[in-house]
Participant: 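A single structure is presented below for examination.
All of these numbers come straight from a predicted model, not from anything done at the bench. Order of the sequence lines sets the chain letters (A, B, ...), proteins ahead of strands, with each chain counted from 1.
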Amino acid sequence: MRARDPQKRRRDFKEVALGLTQAQAMKEAKRCLQCKKPKCVAGCPVEIDIPKFIAAIKAGDFKGGLGVIRNYNMLPAICGRVCPQENQCQGNCILSKKSKPVAIGALERFVADYEIKSKAKDEPVTIKPNGIKIAVIGSGPAGLTAAADLAKLGYEVTIFEALHEPGGVLTYGIPEFRLPKAIIHREIERIKKLGVKIVVNWVVGRTETIEELIAEEFRAVFVGVGAGSPKYMKIPGENLNNVYFASEFLTRVNLMKAHQFPAYDTPVKRAKRVAVVGGGNVAMDAARTAMRLGAEKVYIVYRRTEEEMPCRLEEVEHAKEEGIELVLLANPKEIIGDERGYVKAIKCDKMILCETDESGRRKPSCSGEEFILDVDQVIMAIGQTSNPILVKTISGLDLWGAGYIKTDYDGKTNIPGIFAGGDISTGAATVISAMGAGKRAARAIDGYIKSLR
Amino acid sequence: MFKILHRETVAPQVISMTIEAPYIARHAKAGNFVVIRINEKGERFPLTIADSDKEQGTITLLFQKIGKTTEVLGKMKTGSSIRDVVGPLGHETPIQEYGHCVLVGGGIGSATLFPILTALKEKKNKATTILGARTRDFLVWPDKFSKHADETLLTTDDGSSGRKGLVTDVLKEVIETETVHVVIAVGPVRMMQAVSALTKNYSIKTLVSLNPLMVEGTGMCGACRVTVGGVTRFACVEGPEFDAHEVDFQELANRLGFYRDEEMESLQKYKTTCKGKCKKTN
Ligand code: FES
């Protein structure tokens, strides 16, 4: 996909990827072989009928193409931008054996953006309200999807969000330059038009408990609160000034607009030399954000090689183009501070890769050598774990692992009427898999409500 | 939107506000706090729930005007609304039948201590309160405390009210003359640190309510992390109260000062562009 000039974009927050032109999109759509047994569909977590939407584009029916996607996915403008297509639909594309796969993600984005640009009015959806109230906790991808599907089935849905703005990770986590806020707003408005109410500033188990919600008015509850608690390395120096967890760093900028301080009241420290620890999308987002805040040098410190990085291919490519340096096979062991308690360097072990582990990736182990990078800011982006405080307040709920909610494939928990999905039940994953979970849970909730009669 | 129902100057630069927040009021317990954001461009910051009224559906917040945000908040009138208030957050104070409790408050630390005091009294504890401030005017709620506590002792730096000296001087006397089962201290970091150092010598269980910087207040970002007993803890969900003898106060003080330059810049800009008289709050 076309992207803005790295030299220009690395210092501003405008969107990087430019999307396809109409001509490009139609040309790309023509490449699709319209397989009888499409592998791409099997690779899509929500099983969008991909050949069908591409056929519509080929025929110049962009609206029709979008309609096909919307049957499966309420948030195409978002998924077209943030899905790891190379591991999903595109990764399965039969063409990738010989040449390049069809750019399915770019096409998805194209039809969604085409609608925005053409200022098309939403077609009114006819909903037969059934008067049954369902609560959705969390307004990230899982919650929004569940809410939209339930609303279409006639339920009266209220979403409860802990922050002051809806969107979950789409709002506080993913930067403007990768997913413009205007796109999220638009999708959320569309969901509101289905009759979904959104209550912000509402923390599950604190402002009210799920038991109270059920006792008062809601017949079922979907919990989609995300994984939401940062992991950290437990190495010396992690609490020095100018060590951020990526979730704080990104929340300050994405949600609180700290890059516009002092016009906005929330500050963020602009550093000269930054080390971001981790190899996922969040690490890339943090590194690229630090660059946009004016850093002279940004390193991504990762303990394996580029091949094993869990982030989307496009993100690491974009990061490198913007001048971010990968420091590979490096595992931080200490963050060194000055006498005032501020970061001045990070000490890392040099790693070597050994045998493969359960994840199928080669395991890093210490080579015995170490080195020091002089930096004045460190951002930890090594993943998310469950936020036990939130799930603990639901008494009797079965959990697994580090405090994730145990559910069946459809999101059913051990408590009748309580459903869950997304990162809070699977552990940190992708936007699209959370949406898939929200979809299945909506269907399961509908089944549950019908079984009560 | 959360409507301000009542506003009162409690001490110079210290204001109390009663806000309509029925859900929060219904669930608020001693030790809980809220995170607020005044307006669209505002920052999120925590304030202790100093009092709550379930019937009226209100909570009372107390704050000191020390930066731009609190200046702006301080100018908000009765009848106007705060954009975002979320809570109640944090653990509630463990209220037990301790016996004799000594509550030590510095400045607006009183806001945190007051609901703790009333909760402790409900459990039939004996409660001694020690409140300290620069001068008599700066003492926060001495009358409210003396109504509920068995004994209320005041100290000021200049002796204009109560004893001249520090809260720790008075605390030491109390410890040496009476049996003390637990000390709860809330106030500036240095004060809590001094109280902690003192009670450690006497091996008296001591709780402090920590006030690190926070962003969202629900355990999601780690901004509020503190080191307690050598372990990183998130004050917003695992605190805000911790065993004083385990707290790394130096780290807390460092982290609290992290944005001092930005705070100054923000306040300066606010004062010079609005001269503090701006009608618009942002
Ligand atoms: S304030 Fe974000 S984790 Fe505590």
Participant: Side chains of Asn239(A) and Thr232(B) only: does a donor on one sit below 3.5 Å from an acceptor on the other?
Facilitator: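 Looking only at side-chain atoms, Thr232(B) and Asn239(A) do form a donor-acceptor pair, the distance falling under 3.5 Å.
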
Participant: Which atoms form the tightest heavy-atom contact between Glu43(B) and Pro267(A), and what is the distance?
Facilitator: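 For Glu43(B) versus Pro267(A), the nearest heavy atoms are OE1-CD, 4.2 Å.
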
Participant: Relative to chain B, which segment of Leu240(A) carries a heavy atom at a distance below 4.5 Å: side chain, backbone, both, or neither?
Facilitator: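 Only the backbone of Leu240(A) comes within 4.5 Å of chain B.
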
Participant: Under a 4.5 Å heavy-atom cut-off, does chain B meet the side chain of Ser229(A), its backbone, both or neither?
Facilitator: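 Both backbone and side chain.
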
Participant: Please give me the minimum heavy-atom distance between Gly222(B) and Pro230(A), naming the atom from each residue.
Facilitator: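 Smallest heavy-atom distance, with atoms named: N-CG, 4.2 Å.
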
Participant: How many angstroms lie between atom CG of Asn32(B) and atom CZ of Arg206(A), to the nearest 0.5 angstrom?
Facilitator: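 The CG atom of Asn32(B) sits 7.0 Å away from the CZ atom of Arg206(A).
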
Participant: Run the salt-bridge test on Arg26(B) and Glu208(A) with the 4.0 Å N-O cut-off and return the result as yes or no.
Facilitator: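 Answer for the salt bridge query: yes.
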
Participant: Looking at Lys344(A), I'd like to know if its NZ atom is crowded, meaning that more than 12 non-hydrogen atoms belonging to other residues, nucleotides or ligands lie closer than 6.0 Å.
Facilitator: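 Open.
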
Participant: Take Lys41(B) and Lys257(A) through the test side-chain contact (heavy atoms from CB on, under 4.5 Å) and record every step on the way to the result.
Facilitator: CA-CA 8 Å; Lys41(B) 293 188 175 172; Lys257(A) 311 214 161 49; over 6 Å; no

Participant: Answer yes or no: are there more than 12 heavy-atom neighbours, outside Lys54(B) itself, under 6.0 Å from its atom NZ?
Facilitator: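 Counting neighbours around NZ of Lys54(B), more than 12 heavy atoms of other residues, nucleotides or ligands fall under 6.0 Å, so yes.
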
Participant: Evaluate the side-chain proximity of Tyr270(B) to Pro262(A): yes if any heavy-atom separation is below 4.5 Å, no if none is.
Facilitator: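 Pro262(A) vs Tyr270(B): side chains apart.
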
Participant: Less than 4.5 Å to any heavy atom of chain A: does that hold for the side chain of Phe234(B), its backbone, both, or neither?
Facilitator: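 The side chain, not the backbone.
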
Participant: Do Arg225(B)'s NZ or CZ and the ring of Phe245(A) fall within the cation-pi criteria of under 6.0 Å and 45°?
Facilitator: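 Yes - Arg225(B) lies over the ring of Phe245(A), closer than 6.0 Å to its centre and within 45° of its axis.
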
Participant: Quick one: which residues of residues 209-216 of chain A reach chain B at under 4.5 angstrom, heavy atoms only?
Facilitator: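 Expected list: Glu212(A), Glu216(A).
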
Participant: Flag the pair Lys68(B) / Asp265(A) as yes when at least one side-chain heavy-atom distance between them is below 4.5 Å, and no otherwise.
Facilitator: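 When only atoms from C-beta onward are counted, Asp265(A) and Lys68(B) do touch, with a gap below 4.5 Å.
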
Participant: Quick one: what part of Arg37(B) sits under 4.5 Å from any heavy atom of chain A, side chain, backbone, both or neither?
Facilitator: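 Side chain only.
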
Participant: Using non-hydrogen atoms only, which part of Thr69(B) is less than 4.5 Å away from chain A: side chain, backbone, both, or neither?
Facilitator: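 Only the side chain of Thr69(B) comes within 4.5 Å of chain A.
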
Participant: Side chain, backbone, both or neither: which part of Tyr342(A) has a heavy atom under 4.5 Å from chain B?
Facilitator: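 Side chain only.
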
Participant: By a 4.5 Å heavy-atom criterion (distance strictly below it), what part of Val85(B) contacts chain A: side chain, backbone, both, or neither?
Facilitator: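 Just the backbone, heavy atoms under 4.5 Å.
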
Participant: How far apart are the C-alpha atoms of Ser266(B) and Phe261(A), what are their side-chain angles, what is the distance that settles it, and do they pass the side-chain contact (heavy atoms from CB on, under 4.5 Å) test?
Facilitator: CA-CA 8 Å; Ser266(B) 198; Phe261(A) 176 88; 4.1 Å; yes

Participant: Can you tell me how far CG of Asn241(A) sits from CD of Glu251(B), rounded to the nearest 0.5 angstrom?
Facilitator: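 Reported value, rounded in 0.5 Å steps: 8.5 Å.
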
Participant: Can a side-chain donor-acceptor contact be found between Asn201(A) and Asp84(B) if the only test is distance below 3.5 angstrom?
Facilitator: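 Yes, a side-chain donor-acceptor pair sits under 3.5 Å.
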
Participant: What's the separation between atom CD1 in Ile36(B) and atom NE2 in His164(A), rounded to the nearest 0.5 Å?
Facilitator: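 The CD1 atom of Ile36(B) sits 13.0 Å away from the NE2 atom of His164(A).
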
Participant: Counting only heavy atoms closer than 4.5 Å, note whether Val243(A) contacts chain B via side chain, backbone, both or neither.
Facilitator: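 Contact with chain B is through both the backbone and side chain of Val243(A).
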
Participant: Hey, could you give me the CE/OH distance between Met220(B) and Tyr172(A), rounded to the nearest 0.5 Å?
Facilitator: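 Reported value, rounded in 0.5 Å steps: 5.0 Å.
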
Participant: Which answer fits Glu262(B), side chain, backbone, both or neither, if we ask what part of it has an atom under 4.5 Å from a heavy atom of chain A?
Facilitator: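 Both parts, heavy atoms under 4.5 Å.
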
Participant: Quick one: what part of Arg252(A) sits under 4.5 Å from any heavy atom of chain B, side chain, backbone, both or neither?
Facilitator: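 Side chain of Arg252(A) only, per the 4.5 Å heavy-atom cut-off to chain B.
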
Participant: By a 4.5 Å heavy-atom criterion (distance strictly below it), what part of Lys234(A) contacts chain B: side chain, backbone, both, or neither?
Facilitator: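 Looking at Lys234(A), nothing touches chain B.
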
Participant: Set out, in order, the CA-CA distance, both residues' side-chain angles and the distance that settles side-chain contact (heavy atoms from CB on, under 4.5 Å) for Lys269(A) and Tyr259(B), then state yes or no.
Facilitator: CA-CA 8 Å; Lys269(A) 282 286 178 191; Tyr259(B) 294 105; 4.0 Å; yes

Participant: Could I get the full list of salt bridge (Lys or Arg N to Asp or Glu O under 4.0 Å) partners for Arg44(B), not counting sequence neighbours?
Facilitator: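 In terms of salt bridge (Lys or Arg N to Asp or Glu O under 4.0 Å), with neighbours along the sequence ignored, Arg44(B) is linked to no residue.
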
Participant: Which one wins on heavy-atom pair count under 4.5 Å against chain B: Leu163(A), Leu250(A), Thr207(A)?
Facilitator: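 Going by pairs under 4.5 Å, I would pick Thr207(A).
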
